[in-house]
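To keep things clear, I will list the structure first and then write my remarks on it.
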Amino acid sequence: MTKAASTITVRLPDESTCELAPGSTGLDLASSIGRRLAQAAVATVIDGVESDLNLPLPDGASVAIVTADSDAGRHVLRHSTAHVLAQAVVQLFVGAKFSIGPAIEDGFYYDFELPGGKTFSDDDLVAIQGQMQKIVDADQPFVRAEMTAKEALQLFKDQPYKCEIIERVTKGDADPTDSLEAGSADAVSVYRNSEAFVDLCRGPHVPSTGRLGHFALMKVAGAYWRGNEKGPMLQRIYGTAWESKSALAEHLHRLEEAEKRDHRRLAVEMDLLSFPQELGGGLAVWHPKGAIVRKLIEDYSRERHQNGGYKFVFTPHLANAHLFETSGHLQFYKDGMYPPMEMDNGVYFPKPMNCPMHCLIYRDRQRSYRELPLRLFELGTVYRYERAGTLHGLLRIRGFTQDDSHIFCTEQQMADEITSLLDFVLSVLRRFGFTEFDFKLSTRNAEKSLGSDAIWQKATDALTEALNRHGFQYSVSPGDAAFYGPKIDIDVRDALGRKWQLSTIQCDFNLPERFGLEYIASDNSRTRPIMLHRALFGSIERFFGVLLEHYGGAFPTWLAPVQVRVLAVASAHESYAAQVVDQLTKSGYRVDQLVADEQLGKRIRASKLERIPYVLVVGDDDLKNSTVGVNPRGGEVRRDVGLAKFIDQLAADVG
RNA sequence: GCCGGGGUAGCUCAGUGGCAGAGCAACCGCCUUGUAAGCGGUAGGUCGUGGGUUCAAUCCCCACCCUCGGCUCCA
């Protein structure tokens, strides 16, 4: 017997090798390395391909063990749990059709169609989760099999959605989701985890359902089949699944924390703004405390733009339909615009964007190349008809204000301008405590775009060059550009690590064309400028909502609606407290006083719940010595602080 | 727009085909307070809006508005 026949050799990720008996599986390999690894293993990667743990390893393969506590491992857990969900539903609901059930961030979902268009209730979820637990307890093995498409169609003859996927894969017009579900056209793969249930799936899966168990069904929602609005609406069940009980508990805790930071909840609690029903959906009114924060944000934006070489403009909220015909908005976005108003001299629309009006300002007189780049800036309020089901607090709203700028420049100036814009954007965002940014370059969609290849290439190159000059990592979204030009979108990460898209920088050579914009170049020729659209906050309303969630309502001192609250220990100290308020107010701070009707502890609690950065307590000692007791948000109480010293500290904090 | 929840006091929520409930907040007293809830009392609601069923509707039915979770969409 040769050596090759008696053992096989596989290579591990650390470049070491391991000898195993022929026919050994990934699980055997994991066991040979250690018991804990074997327990944590959920799949293998064999020569770069994710595979089942019970697949025999080929001699000479590079093998990695995927453990449950890795991203890839959790993905496998979640995908397998989705199968268990489908099995539970099929067992509990006779005649249920199941369609797709992928792993997603933090969990999984599965889409179903119930007979007679029935829907799942919350009680159903409880029952389904119970049934899933039984399947897990039964420790059913996941058994992979491959078959021809014809065999698969026969196997799933009662499952129309599965048949559609198989047919798509067979015809070669599968999208990535289909491939995930079914494997390839040559060999359709299925996983059977009991007599009762078999599902189309590429895999891999955990060896058996007993490996699962730390999951929870979260919610049920409608979802269109294949995301097609005109297609049937299925019932989607969302769940979450983790490698351990504690990981699941942590996830649920994170959700609770995020809920506490919900900007809609904080806006009510902190009396910042509201959405009165009488006003209509997606329209907000700003209360004094919210308005002061918004004003501070806008003031800061204006100051930065003033110093950044921008010229301020103002434009009206309405415009004649002709303007939006010229700009192309009526052609491309009529459905997203508020309906027209008939007036004696024409038809008017609320504006969905500011750019057409800025173009009119540019075109009002002849421009020279010496004026470029010309940067027009406006906090411009626009109205967009967002469909009712899409409204979401401040984040998706029908009337909002853009910190909007249009920069008219030459082709040659484009790259420099975008480069300095990136600096400007990040510098402004950093002031609000954002330190992590993700960049996305969206490129041309051949079907939905205007303009020559050459100009698109130039614009895309300019954006890419600007990103590269900064050395920023970025992702590319092919085909996601606006119809008029490519763009860079910037996401920020908030204090909980969540991503929010805020800023956008877009190249546009369509509007200059449509409006016939020109400048006189140095060679005396009439030349078309390039237009850059850019917004930093995007929408002030949305940015405010993101900030609220980012800070959890605890605005930094420079933005806090009330920066300092003064509390007298007893009535005898109220007039001294008033003096302190007076002095701080004269120093330019937002200060108030809560008189001593209630006990001190209760007033402190109330002030803390309002997230006021500094609570000052003054009593006998302070009155005598012109001092204050300082109770800072999230810090230690200090007694007997001189008022002048406190003002210095406040100044330093506000920066 | 589509699917499924929901709308009761300022807030968070309970409740019933037959007089509308709690806690917190508010207001009024008492307490005069030294760092996160002192005590007592009072007031507060067209039960989202409009129709319908019923002797009687906050409750059941229909429509609409608003809202929540998703889907779709997002210049």
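Chain naming here is simple, since letters A, B, ... match the order of the sequence lines and numbering starts at 1 in each.
Of all the heavy atoms in Gly553(A) and Met270(A), the pair that sits closest is O-CE, 3.1 Å.
Ring orientation note: the planes of His329(A) and Phe324(A) are nearly perpendicular, at an angle over 60° on the 30°/60° scale. By the 30° and 60° cut-offs, the orientation of the rings of His317(A) relative to Tyr383(A) is tilted. Taking the six-membered ring where the residue is Trp, Phe112(A) and Phe120(A) present perpendicular rings, their angle passing 60° and hence far from 30°.
Spacing of C1' atoms, C47(B) relative to A36(B), comes out at 35 Å, to the nearest Å. Comparing G21(B) with G45(B), their P atoms are spaced 14 Å from each other, to the whole Å. Between the P atoms of A9(B) and U58(B), the separation comes to 15 Å (whole Å). Nucleotides A26(B) and A57(B) are separated by 31 Å at their C1' atoms, to the nearest Å. Taking atom C1' on both nucleotides, G18(B) is separated from A43(B) by 27 Å, rounded to a whole Å. Rounded to whole Å, the P atom of U54(B) lies 44 Å from the corresponding atom of C24(B). Annotation: A14(B) and A22(B) have their C1' atoms spaced 7 Å apart (nearest Å).
One atom, NE2 of His573(A), and another, P of U33(B), lie 8 Å apart when rounded to the nearest Å. Spacing between atom CG of Asp111(A) and atom C1' of G4(B) amounts to 14 Å, rounded to whole angstrom units. Computed from coordinates, the Phe332(A) CZ to C74(B) C1' distance equals 16 Å when rounded to whole Å. The CG atom of Asp123(A) sits 16 Å away from the P atom of G4(B) (whole-angstrom rounding). The separation between Leu255(A) atom CG and G69(B) atom C1' is 13 Å, rounded to whole Å. Taking atom CZ of residue Arg398(A) and atom C1' of nucleotide C66(B), one finds them 11 Å apart after rounding to whole Å. Whole-Å rounding puts the Leu391(A) CG to U72(B) P distance at 17 Å. Atom CD1 of Ile397(A) and atom C1' of C73(B) are 17 Å apart (whole Å).
The side chain of Glu229(A) lies closest to U72(B) when the candidates are C11(B), U72(B), G34(B). When distances are taken from the side chain of Arg603(A) to each of U33(B), U67(B), C11(B), the shortest belongs to U33(B). When each of A75(B), U32(B), G69(B) is scored by its nearest atom to the side-chain atoms of Ala221(A), the top-ranked nucleotide is G69(B). You'll find that the side chain of Ala388(A) is closest to G1(B), out of G1(B), A75(B), U32(B). For Val569(A), the side-chain atoms get nearest to U33(B) when compared with the rest of U33(B), A75(B), C3(B). When the nucleotides C3(B), U72(B), U35(B) are ranked by their closest atom to the side chain of Arg639(A), U35(B) comes out on top.
Arg384(A) contributes no side-chain N or O that forms a donor-acceptor pair with the base of C73(B) under 3.5 Å. Donor-acceptor pairing under 3.5 Å, judged by distance alone, is absent between the side chain of Tyr385(A) and the base of G1(B). You'll find a donor-acceptor pair under 3.5 Å spanning the side chain of Arg387(A) and the base of U72(B), going by distance alone.
Classification of Lys260(A) and Glu257(A) as a salt-bridged pair holds, one side-chain N sitting under 4.0 Å from a carboxylate O. The existence of a salt bridge linking Asp622(A) and Lys624(A) is excluded, since no basic side-chain nitrogen approaches an acidic carboxylate oxygen closer than 4.0 Å.
With sequence neighbours excluded, the residues that form a side chain to side chain contact (heavy atoms under 4.5 Å, CB included) with Tyr224(A) are Glu229(A), Met233(A). Residues that satisfy the side-chain hydrogen bond (donor to acceptor under 3.5 Å, both in side chains) test with Lys645(A), not counting sequence neighbours, are absent from this structure. Qualifying side chain to side chain contact (heavy atoms under 4.5 Å, CB included) partners for Val268(A), counting only residues two or more places apart in sequence or in other chains: none. Take Thr315(A) and apply the side chain to side chain contact (heavy atoms under 4.5 Å, CB included) test, not counting sequence neighbours, and it matches Lys351(A), Asn354(A), Met357(A), His358(A), Ile361(A), Glu378(A). Applying the side-chain hydrogen bond (donor to acceptor under 3.5 Å, both in side chains) criterion to Tyr238(A), with sequence neighbours excluded, gives Arg236(A). The side chain to side chain contact (heavy atoms under 4.5 Å, CB included) test applied to Lys118(A) returns Leu114(A), not counting sequence neighbours.
Side chains of Ser607(A) and Arg565(A): a donor-acceptor N/O pair is present below 3.5 angstrom, by distance only. Side chain to side chain, Thr460(A) and Thr443(A) fail the donor-acceptor criterion of an N or O pair below 3.5 Å.
Position along RNA chain B of the nearest nucleotide to Val220(A) versus Arg396(A) favours Val220(A) as the more 5'-ward residue. Ranked by how close their nearest RNA chain B nucleotide is to the 5' end, Gln235(A) and Lys219(A) are led by Gln235(A).
Within the 4.0 angstrom heavy-atom criterion, only backbone atoms of the sugar-phosphate kind lie near Thr119(A); the bases stay farther away. At a threshold of 4.0 angstrom between heavy atoms, the contacts of Ala223(A) are confined to the sugar-phosphate backbone, with no base atom among them. At a threshold of 4.0 angstrom between heavy atoms, the contacts of Tyr109(A) with the nucleic acid are absent. Residue Glu269(A) is classed as having no contact, given no heavy-atom separation below 4.0 Å to the nucleic acid. Heavy atoms of Gly336(A) sit under 4.0 angstrom from at least one base atom.
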Restricting both atoms to N or O, compile the protein contacts to nucleotides 58-64 of chain B shorter than 3.5 Å, with distance only.
none

Would you mind building the protein contact string for nucleotides 36-44 of chain B? One character per nucleotide, 5' to 3', B for base within reach (heavy atoms under 4.0 Å), S for sugar-phosphate only, - for untouched. BBB------
Where does RNA chain B pair, written as one dot-bracket string 5' to 3', with Watson-Crick or G-U pairs under 3.5 Å, ( ) inside the strand, [ ] for crossing pairs and | for another strand? (((((((..((((....[..)))).(((((.......))))).....(((((..]....))))))))))))....
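Heavy-atom distances under 4.0 Å link RNA chain B to Val617(A), Gly619(A), Asp620(A), Asp621(A), Asp622(A) of residues 617-626 of chain A, given in residue order. Within a heavy-atom distance below 4.0 Å of RNA chain B, the residues of residues 271-287 of chain A found are Gln277(A), Gly281(A), Gly282(A).
Syn is the conformation of C19(B), whose glycosidic angle sits no further than 90° from 0.
Under 4.0 angstrom from either OP1 or OP2 of C68(B) there lies at least one side-chain N or O belonging to Arg264(A). Close to G69(B), at under 4.0 Å from its OP1 or OP2, lies a side-chain N or O of His392(A).
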Quick one: side chains of residues 122-132 of chain A, donor-acceptor pairs under 3.5 Å with protein atoms, not counting sequence neighbours, listed by atom name and distance.
residue, atom, partner, partner atom, Å
Asp124(A), OD2, Ser121(A), N, 2.8
Asp124(A), OD2, Ser121(A), OG, 3.3
Gln129(A), OE1, Leu217(A), N, 3.0
Gln131(A), NE2, Gln91(A), OE1, 2.6

